[in-house]
Amino acid sequence: MRELKLPLSLEDVKGLMIGESVKLTGRIFTARDEAHMRALEFHKEGKELPFDLNGSAIFHCGPIMRRSGEKWAVVAAGPTTSFRMSTLEPEVIESFGVRAIIGKGGMSRLTIDAMERFGCVYLALTGGAAVIAAKGIEDVRGVHWEDLGMAEAVWELDVSHFGPLTVAIDAHGNSLYEKVGEYIDKRLPFIKSKLGID
Amino acid sequence: MDEDRLEDAIVALLKRSVIELPADVLWKLNKSYEKETSDVAKVQLATIIENIELARKLGRPICQDTGIPLFFVKLPKDVHADLERVIINATRRATESVPLRPNTVDPLSRKNSGDNVGLHMPCISYQFHDEDYIEITALPKGAGSENMSKMAMLTPAQGLKGIKRFVLDTVLDAGGKPCPPTIVGVGIGGSADLCMKLAKMSLMRPLDEPNPDKDLDALERELEVALNEIGIGPMGLGGRTTVLGVRAGKASCHTASLPVAVNIQCWAARRATLRAYEDGRLDIL
């Protein structure tokens with residue numbers, strides 16, 4: 001299994017192929033719908049983000065966190081459905097130089113195209129496997145935009161051997177989900193005739 | 001009925017439900033892992049199984065989406081307990097102590113109550129039974145799978161073929177989004193609202209328990225094989241395991257109707273059941 005270190009370079013992500021398993025070490029940031037929208041608002045207004053996404057990874061995740069004294073600790077942190085961010089992600093990738101998106105379920109063709117154009121990959125983390133994911137998070141460095149609520153805030157996380165992650169969209173326009181889709185289209189007539197519904 | 005003790009037991013029930021998966025689900029996941037041939041699918045299933053074991057060992061929720069609180073309650077005919085208040089209090093306490101993620105919001109303002117209690121939430125279904133104990137099943141359900149729910153009012157002429165087509169289309173549309181391998185609950189008949197409830201309640205039947213209705217059992221088996229041949233696979237990344245099972249329930253309906261509903265459950269098929277006896281005994285099954 002390939003081990004990757006953040007921040008990622010263009011060469012790092014270009015060397016990844018769909019179907020490959022990797023693990024990540026370094027700084028990542030959670031962001032869901034609300035954080036994506038606010039980051040783009042900041043960008044439009046020319047305001048600087050309170051965190052640096054350049055070369056980093058965005059994690060589609062609304063974690064359960066628990067405060068112990070001054071520090072936050074992760075209770076559970078699996079991926080959320082990435083598709084919801086599909087309309088926002090191309091602009092986020094372009095604006096902030098994000099090199100990897102971690103999530104589940106894949107993203108739209110527009111995002112796949114943006115990943116190819118700007119050099120970014122989509123890494124699928126097993127949905128629901130929140131304890132395995134939490135195990136790979138060594139430290140909660142901080143939280144931004146806490147007013148958005150626990151799930152929607154941006155959590156700055158230091159991860160170590162985080163994964164396994166499957167390269168599901170590479171930086172060359174390939175998507176494992178689209179490959180699966182093509183296979184399904186081929187199988188469907190056979191399955192329908194078996195069920196007597198063709 | 002000692003309501004304080006019952007409340008404590010429901011807090012423990014919620015905790016159990018989000019931390020420990022029922023044995024039949026784990027059994028089916030292991031069986032599916034053995035059958036998988038692709039590396040990508042095997043990695044997904046191995047991660048899922050390892051996560052389940054780690055969650056139990058560490059006493060942590062399996063998934064960060066601890067769902068919305070759904071309860072199915074069976075009552076003896078002469079019950080004397082303020083159950084609604086007890087379940088609401090237990091939900092508040094479990095949200096704080098387990099902890100559960102506060103997921104419950106107002107549907108329009110999107111304001112989060114912070115304690116998973118809201119208008120008609122927890123959602124509690126009551127039904128009487130002939131036993132002398134109260135049975136409470138907690139079925140916390142995440143949004144990823146619940147968002148894939150669908151129902152249709154078919155015409156009677158569309159019949160069984162129409163039902164199969166609807167289930168297939170719903171699973172295809174859902175793809176990798178509801179965290180496959182899933183359990184597919186199918187409701188057939190009833191009224192529109194009852195039909196969806198049948199689909200959801202079917203999810204409570206263990207995966208190693210066949211449907212007592214012969215026709216429904218055949219339908220479940222046929223659909224399970226077909227859905228696993230599609231190739232969506234674990235997490236939609238391809239493979240032989242798209243569903244862990246199909247569970248169907250039916251109710252009589254209007255002669256001019258054929259309602260069908262699909263309610264999908266993710267692999268983290270969380271459920272736990274509590275029995276509270278008259279003599280004070282409390283058992284989490």
Side-chain angles (χ1 to χ4, degrees), chain A residues 1 18-21 34 61-66 74-84 104-106 124-135 148-152 163-168 176-177 179-188 190-198, chain B residues 18 38-40 43-48 50-55 57-58 60-66 98-103 105 112 114 142-144 147 160-162 164-165 168 172 175-180 222-223 225-227 229-239 266-268:
Chain A
M1 192 165 311
I18 53 169
E20 199 176 338
S21 280
E34 300 286 341
C61 168
I64 305 177
M65 295 289 194
R66 189 193 292 240
V74 183
V75 176
T80 191
T81 303
S82 297
F83 239 91
R84 295 198 314 273
K104 73 173 170 92
L125 181 60
T126 308
V131 191
I132 296 263
K135 202 177 127 192
L148 297 178
M150 187 190 282
E152 301 287 341
L165 302 157
T166 302
V167 180
L176 192 50
Y177 301 100
K179 283 228 151 55
V180 172
E182 285 161 20
Y183 175 82
I184 292 169
D185 288 344
K186 259 189 258 159
R187 298 282 295 165
L188 215 47
F190 162 74
I191 287 161
K192 283 188 175 171
S193 100
K194 234 179 114 175
L195 287 172
I197 56 171
D198 47 345
Chain B
V18 297
S38 97
D39 286 345
V40 170
V43 166
Q44 297 305 314
L45 288 176
T47 306
I48 286 169
E50 197 189 330
N51 187 77
I52 292 166
E53 282 160 4
L54 202 60
K57 216 173 82 188
L58 300 174
R60 298 249 196 104
I62 293 161
C63 176
Q64 78 286 347
D65 186 353
T66 46
V98 174
L100 308 175
R101 194 172 71 183
N103 284 332
V105 304
N112 194 316
N147 285 350
L160 189 59
K161 278 189 185 181
K164 288 183 196 173
R165 188 174 289 125
L168 178 65
L172 282 171
K177 292 194 283 288
C179 281
E222 186 186 10
L223 283 172
V225 171
L227 295 176
E229 283 181 344
I230 297 177
I232 293 172
M235 293 303 140
L237 295 167
C266 58
W267 65 258

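Order of the sequence lines sets the chain letters (A, B, ...), proteins ahead of strands, with each chain counted from 1.
Distance alone, capped at 3.5 Å, is enough to place a donor-acceptor pair between the B/Q64 side chain and the A/G78 backbone.
The candidate from A/R66, A/K179, A/K104, A/M150 with the greatest count of non-hydrogen atom pairs under 4.5 Å with chain B is A/R66. For the set B/L168, B/L100, B/I52, B/T66, the entry with the most heavy-atom pairs within less than 4.5 Å of chain A is B/L168. When each of B/P99, B/G144, B/P234 is scored by its heavy-atom pairs under 4.5 Å with chain A, the top score falls to B/P99. Comparing B/G162, B/G233, B/A226, B/G142 by how many heavy-atom pairs each has under 4.5 Å with chain A, the most go to B/A226. Among B/S38, B/A46, B/G176, B/A55, the residue making the largest number of heavy-atom pairs under 4.5 Å with chain A is B/A55. Counting heavy-atom pairs under 4.5 Å between each of B/V40, B/I62, B/D65, B/I48 and chain A puts B/I62 at the top.
Within the 4.5 Å cutoff, the side chain of A/V75 has heavy atoms near those of the B/R60 side chain.
The nearest pair of heavy atoms linking B/I230 to A/R187 is O-CG, 4.0 Å. Here the closest non-hydrogen pair linking A/V180 and B/G236 is CG2-O, 3.9 Å. Counting all heavy atoms, side chain and backbone alike, B/Q44 lies closest to A/T126 at OE1-OG1, 2.7 Å. Contact detail for A/G127 and B/C179: the closest heavy-atom pair is CA-SG, 3.6 Å. Taking all atoms of both residues into account, the shortest heavy-atom contact from A/A76 to B/C63 is CB-C, 4.4 Å. Scanning both residues, A/S21 and B/V43, for their nearest heavy atoms gives OG-CG2, 4.1 Å.
Within the 4.5 angstrom heavy-atom criterion, only side-chain atoms of A/L188, from C-beta onward, approach chain B. Heavy-atom distances place both the backbone and the side chain of A/A129 under 4.5 Å from chain B. For chain B, the nearby parts of A/V131 are the backbone and the side chain; heavy atoms of each come within less than 4.5 Å. Contacts between B/V105 and chain A at a heavy-atom distance below 4.5 Å are absent for every atom of the residue. With a 4.5 Å cut-off on non-hydrogen atoms, A/P63 touches chain B through its backbone but not through its side chain. Using a 4.5 Å cut-off between heavy atoms, A/K194 contacts chain B through both its backbone and its side chain. Both the backbone and the side chain of B/I232 come within contact range of chain A, each with at least one heavy atom under 4.5 Å from a heavy atom of that chain. In this structure, chain B has a heavy atom under 4.5 Å from the side chain of A/K135, while its backbone stays farther away.
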Handout entry: Worked verdict on B/M235 versus A/T166 for side chain to side chain contact (heavy atoms under 4.5 Å, CB included)
Key = CA-CA 11 Å; B/M235 293 303 140; A/T166 302; over 6 Å; no
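Put simply, CG on B/N103 and CD1 on A/I64 are 8.0 Å apart, with the number rounded to the nearest 0.5 Å. Considering CG of A/L125 and OG1 of B/T47, their distance stands at 8.0 Å, rounded to 0.5 Å. Separation of atoms CG (B/N147) and CZ (A/R84) is listed at 8.0 Å; rounding is to 0.5 Å. For the atom pair B/R165 CZ and A/D198 CG, the distance stands at 8.5 Å (nearest 0.5 Å).
In this structure A/A168 satisfies the side chain to side chain contact (heavy atoms under 4.5 Å, CB included) test together with A/Y122, A/A124, A/L176, A/Y177, B/L237, sequence neighbours excluded. Remark: B/K164 engages A/L195, A/I197, B/L160, B/L219, B/E222, B/L223 in a side chain to side chain contact (heavy atoms under 4.5 Å, CB included) (not counting sequence neighbours).
Counted within 6.0 Å of CG on B/D39, heavy atoms from surrounding residues, nucleotides or ligands total 12 or fewer; the atom is thus considered open.
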